[in-house]
Each structure stands twice: as structure tokens, then as C-alpha cells.
Number of protein chains: 2
Amino acid sequence: MSRVQTQQKILDAAEGLFAESGFNDTSLRQITGRAEVNLAAVNYHFGSKKALIQAVLQRYLQVVMPRLEQQFDALLARQQPSTLSEVLAVFVQPLLELKQVKPQGTTLFLQLLGRGYTDVQGHLRKFISHHYGSVLNKFVLLVQQSCPSLSNAEIFWRLHFSLGTVVFTMASSEALFDIAAADYREQADIASVIRRLLPYLAAGIAAPTIDSKQLDLMAQATF
Amino acid sequence: MSRVQTQQKILDAAEGLFAESGFNDTSLRQITGRAEVNLAAVNYHFGSKKALIQAVLQRYLQVVMPRLEQQFDALLARQQPSTLSEVLAVFVQPLLELKQVKPQGTTLFLQLLGRGYTDVQGHLRKFISHHYGSVLNKFVLLVQQSCPSLSNAEIFWRLHFSLGTVVFTMASSEALFDIAAADYREQADIASVIRRLLPYLAAGIAAPTIDSKQLDLMAQATF
DNA sequence: GTACATTTCAAACAGTTGTTTGAAATGGGG
DNA sequence: CCCCATTTCAAACAACTGTTTGAAATGTAC
């Protein structure tokens with residue numbers, strides 16, 4: 001079997017299992033079993049499990065990230081600042097295009113992203129900010145321009161709140177789909193979740209700030 | 001050593017390690033090592049690691065949940081529906097009161113909650129909805145009353161988005177504190193994060209809905 | 001078809017995990 | 001003090017993990 005065939009079989013098997021069960025709870029024996037490949041093949045072709053995880057993510061990142069950067073650049077080249085909704089909407093097209101790479105591509109990638117941020121804390125964060133930090137900086141800059149009234153610290157926190165929303169939703173998307181289908185007769189797919197997500201994120205990021213005095217009043221209002 | 005002393009030492013050691021490294025990445029040998037207790041003590045006193053995890057969470061849940069329910073009941077007994085901000089503000093007081101149970105109680109509990117939802121998917125969700133489902137239903141009812149224009153399905157999704165925000169933020173709160181301190185000279189503690197969280201969540205949950213036509217326009221606006 | 005490099009394979013490695021065991025120690029009530 | 005239940009302890013258990021090994025098979029160029 002040729003080099004690329006084996007590598008591809010491993011990547012395909014691995015990404016499915018990783019998305020289902022997370023990185024920690026997926027063993028190399030499960031992966032090589034599903035890929036119909038010898039156990040040692042992973043270490044031979046990728047070096048280690050960690051490297052395999054990165055390779056699985058890289059297959060999608062190297063498609064999505066340049067598309068995102070290109071769109072960010074287009075917005076940055078404008079004269080007047082973009083609205084927050086415009087900035088967030090940039091993600092939709094590149095993510096949905098992953099379906100062309102592979103039928104379930106969008107769902108798989110977002111689930112993997114969710115797993116990567118929740119399973120082993122820090123690893124994926126460092127990997128992404130190291131390889132694609134410049135792209136993310138452009139995104140942050142666009143958000144800052146669209147919300148000039150917010151301090152940079154406030155934006156930092158709210159963007160991480162938003163990251164949490166996305167990552168958690170995607171990591172548990174399969175369970176949420178099931179619940180939504182059972183309780184609300186929803187035929188939920190990844191595109192419909194994205195559609196629901198954007199207004200939530202836009203409103204949260206651009207929310208008015210309140211000072212601590214107001215918060216204290218709110219907290220005591222129910223006594 | 002008396003029964004309760006050993007159990008307490010195990011619980012104290014376990015909750016700290018669980019909060020730091022998550023449930024999967026914390027071994028019983030680490031726990032019994034820190035607790036200065038024999039390895040077999042966990043299985044003798046709690047039965048299994050899974051039961052220990054639940055016991056760790058129960059110590060806080062059985063304090064927080066009755067307090068929450070009591071506040072929800074107070075709001076439900078009102079004549080006019082509460083505002084969303086009022087409903088969300090209910091969480092502040094009971095969570096901060098955990099500091100009286102134990103100095104770092106609030107932070108620990110929220111980190112554990114985050115770990116529980118991100119580490120082993122589903123387990124904690126089932127456990128909480130089984131033991132405290134009625135309390136959560138009252139919360140959902142209050143949110144529905146405060147946002148009459150939103151469909152129940154929309155509220156379902158937005159509450160899970162919010163759960164993701166909280167859970168992810170808390171699970172990685174230590175890392176976020178460090179970044180915030182380094183980049184924005186922020187002295188961030190759990191109370192200040194809650195203060196930042198509430199307006200974000202309130203705005204996100206109450207965000208105006210957009211139809212798919214508008215979304216498509218947004219997505220194509222940058223071409 | 002021979003020579004050489006690449007790839008596969010079964011087997012074993014060393015490490016960790018949660019759990020169980022049976023004896024030793026400790027506890028308090030009669 | 002003795003008895004009996006409770007609790008501790010060191011040791012071993014079986015199952016799993018990612019990784020390495022060295023020989024066998026396959027592929028490729030001459």
C-alpha cells in the first residue's frame with residue numbers, strides 16, 4: 001500500500017473517532033482497528049499520537065485559515081469600519097465550504113475544534129495561536145473596530161466567552177441535536193446551529209457594560 | 001482515624017486536583033498521595049472513582065441548589081414576570097456564598113462544573129438533570145416568561161450556548177486569569193468574571209432573532 | 001532478477017490506570 | 001481485658017495505554 005493511502009486511512013479513521021469520543025478517550029488501537037492498519041503504522045507515519053492529532057486538525061485548518069484571512073483582509077481594506085455582524089458572518093462561508101473537502105467536513109472540524117479545546121487544555125490553544133496567530137489578530141482588530149466603545153480587556157473576555165459558546169456547543173453537538181430533535185421536533189444540522197449562533201454571539205459581544213453598583217443592585221433585588 | 005476525617009481528606013484533595021487537571025487526568029494515586037491516605041481508601045469509602053467524582057460535586061450542589069430553588073420560587077411567586085437580568089442575577093449570591101463553605105469554594109465549584117461538562121461528556125449532565133431537574137425547569141420557565149417573544153426551541157439553544165460560555169470559561173479560568181493579568185494588567189478573580197459574564201449572557205439570550213434570508217445576505221456581503 | 005529502500009506486521013515493552021485481596025492495625029462497648 | 005466491627009495497609013491484579021523492535025513483506029530502480 002502506498003504511503004499516502006495508509007496515512008489517509010489513518011487520518012480518516014482518527015478524525016471520526018476523535019470527534020465522537022475526544023482525543024484522550026480514543027486509543028491508537030481503536031484508530032488502527034477502524035483504519036484496518038497495523039498498530040505501529042501510526043508511530044511509523046506520524047511519529048506519535050500527539051503528532052497525529054495535530055495532523056488531523058491541520059487538514060482542516062490549512063483550508064479554513066487562508067480563506068478566513070483573505071476575508072479579514074477584505075474587511076480591513078475598507079474605509080469605514082465593519083459592523084460586528086459582518087465580522088462574525090465571515091466565518092460562515094469558509095466553514096460551510098469544508099463540506100466540499102468532505103461531506104461531513106464542517107461538522108467534523110467544529111467537533112474536533114471543540115474536543116481540542118476541552119480535552120487537553122492549552123495544547124490546541126498554543127498550537128493555533130502559534131501557527132495562525134496573525135489571522136486571529138486580524139479578527140480581534142476587526143472586532144475592536146466594530147465595537148469602539150468596548151475596552152480591549154472587555155473584548156478579550158467576551159471573545160473567550162464566545163469561544164466557549166462555540167467550542168462547547170460543537171463538542172456536545174451530537175447530544176444537543178438528539179435532544180432538540182426529541183423535545184422540539186427540530187431537524188438540526190450544523191448550518192442551522194451556526195444560524196442560531198451568530199445573533200447570540202453578536203449580541204453578547206456588543207452587550208452594554210454595567211458597573212458593579214448596578215450588579216449589586218441586581219443581585220439583591222430578589223430579597 | 002475516624003471515617004469522616006478520611007473521607008473529608010480525600011474529598012478535599014480530590015476536588016483540588018480535579019479542578020486543576022480534570023477528572024480523567026487525575027489518578028487515584030495522586031489523590032491519595034495528596035490526602036496522605038492509602039490508595040485503597042477511595043474504593044473502601046466511596047466505592048469507585050466515579051462515585052468519588054459525584055461525591056465531590058454533591059458537596060457543593062447540595063448547598064447551591066436549594067438556595068437557587070428558593071430564589072426561583074420567589075421570582076415565580078411574583079405577579080408580573082421578571083426581567084432576564086433579574087433571573088440571571090439569582091445565580092450570583094448562591095455562588096458567592098460558597099466562599100463561606102470554603103475560602104476558594106466558588107472558584108472550585110465552578111471549575112469542577114466546567115470539568116464535569118467538558119471532560120466526560122454526558123455524565124454530569126445526566127447526573128444534574130436527574131437529581132436537580134426540577135430546579136432547572138423552574139429556571140427555564142423564568143427565562144421563558146422573561147423572553148415571551150422567543151420560541152422554546154430558541155431558548156433551549158441559547159441556554160446551552162450560555163452553559164457553554166460559563167463552563168468553558170470556568171474550566172480554563174486559571175489560564176484566562178493569567179493571560180488577562182499579563183496582557184491587560186487585570187486583577188481578575190471569580191467575582192469579576194461573573195460580573196463580566198452576566199451582561200454578555202443576558203444580551204445573548206435576549207438577542208433579536210434573524211431569519212435565514214438575512215443570514216445569507218450577511219454571509220455574502222463581503223464578496 | 002538482483003539490490004536496496006520503504007512499508008507492514010506480530011510481538012513485546014515499560015508504564016499507568018482503577019480495583020481487589022487478605023492480613024494487620026485500630027476502634028470502642030460489654 | 002477481650003471481642004468484634006471498622007478501618008488501614010502493602011501488595012498484587014488484570015486491563016489498558018503509547019511506543020519500540022526486528023524480522024518479514026512489499027515496492028522500486030537498475
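Naming convention: chains lettered A, B, ... in sequence-line order (proteins, then strands); numbering from 1 in each chain.
Note on A:Thr26: only backbone sugar-phosphate atoms sit closer than 4.0 angstrom, heavy atoms only; bases stay farther off.
A:Leu39 places its CG atom 11 Å from the C1' atom of C:dA11, with the value rounded to the nearest Å. The NZ-P distance, from B:Lys49 to C:dT19, rounds to 8 Å in whole Å. Counting to the nearest Å, the P atom of C:dT16 and the CZ atom of A:Arg29 are 16 Å from each other. When the P atom of D:dT17 is taken as reference, atom CZ of A:Phe23 falls 17 Å away, rounded to whole Å. When the P atom of D:dT8 is taken as reference, atom CD of B:Glu36 falls 14 Å away, rounded to whole Å. When rounded to the nearest whole Å, the span between CG of B:Leu52 and P of C:dT17 equals 15 Å. In this structure, the CG atom of A:Asn24 is 9 Å from the P atom of D:dG18, given to the nearest Å. As a whole-Å value, the separation of A:Tyr44 OH from D:dA24 P is 18 Å.
Contact annotation: A:Thr6 side-chain N/O to C:dT8 OP1/OP2 distance is under 4.0 Å. Contact check, A:Asn38 against C:dT7: no side-chain N or O comes under 4.0 Å of OP1 or OP2. Proximity of B:Ser27 to the phosphate of C:dT16: no side-chain N or O atom is located under 4.0 Å from OP1 or OP2.
The side chain of A:His45 has C:dT7 as its nearest neighbour among C:dT7, D:dT7, C:dT17.
Annotation: A:Phe127 is not in aromatic contact with A:Tyr132 [ring centroid separation under 6.0 Å not met]. Between B:Phe168 and A:Phe168, the ring centre distance reaches or exceeds 6.0 Å.
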side-chain contact (heavy atoms from CB on, under 4.5 Å) between A:Phe109 and A:Leu61, intermediate numbers included: CA-CA 9 Å; A:Phe109 171 64; A:Leu61 285 173; 3.8 Å; yes

Working note: B:Asp12 + B:Lys102, criterion salt bridge (Lys or Arg N to Asp or Glu O under 4.0 Å); need CA distance, chi angles, decisive distance, verdict. CA-CA 10 Å; B:Asp12 289 338; B:Lys102 173 173 290 199; 2.7 Å; yes

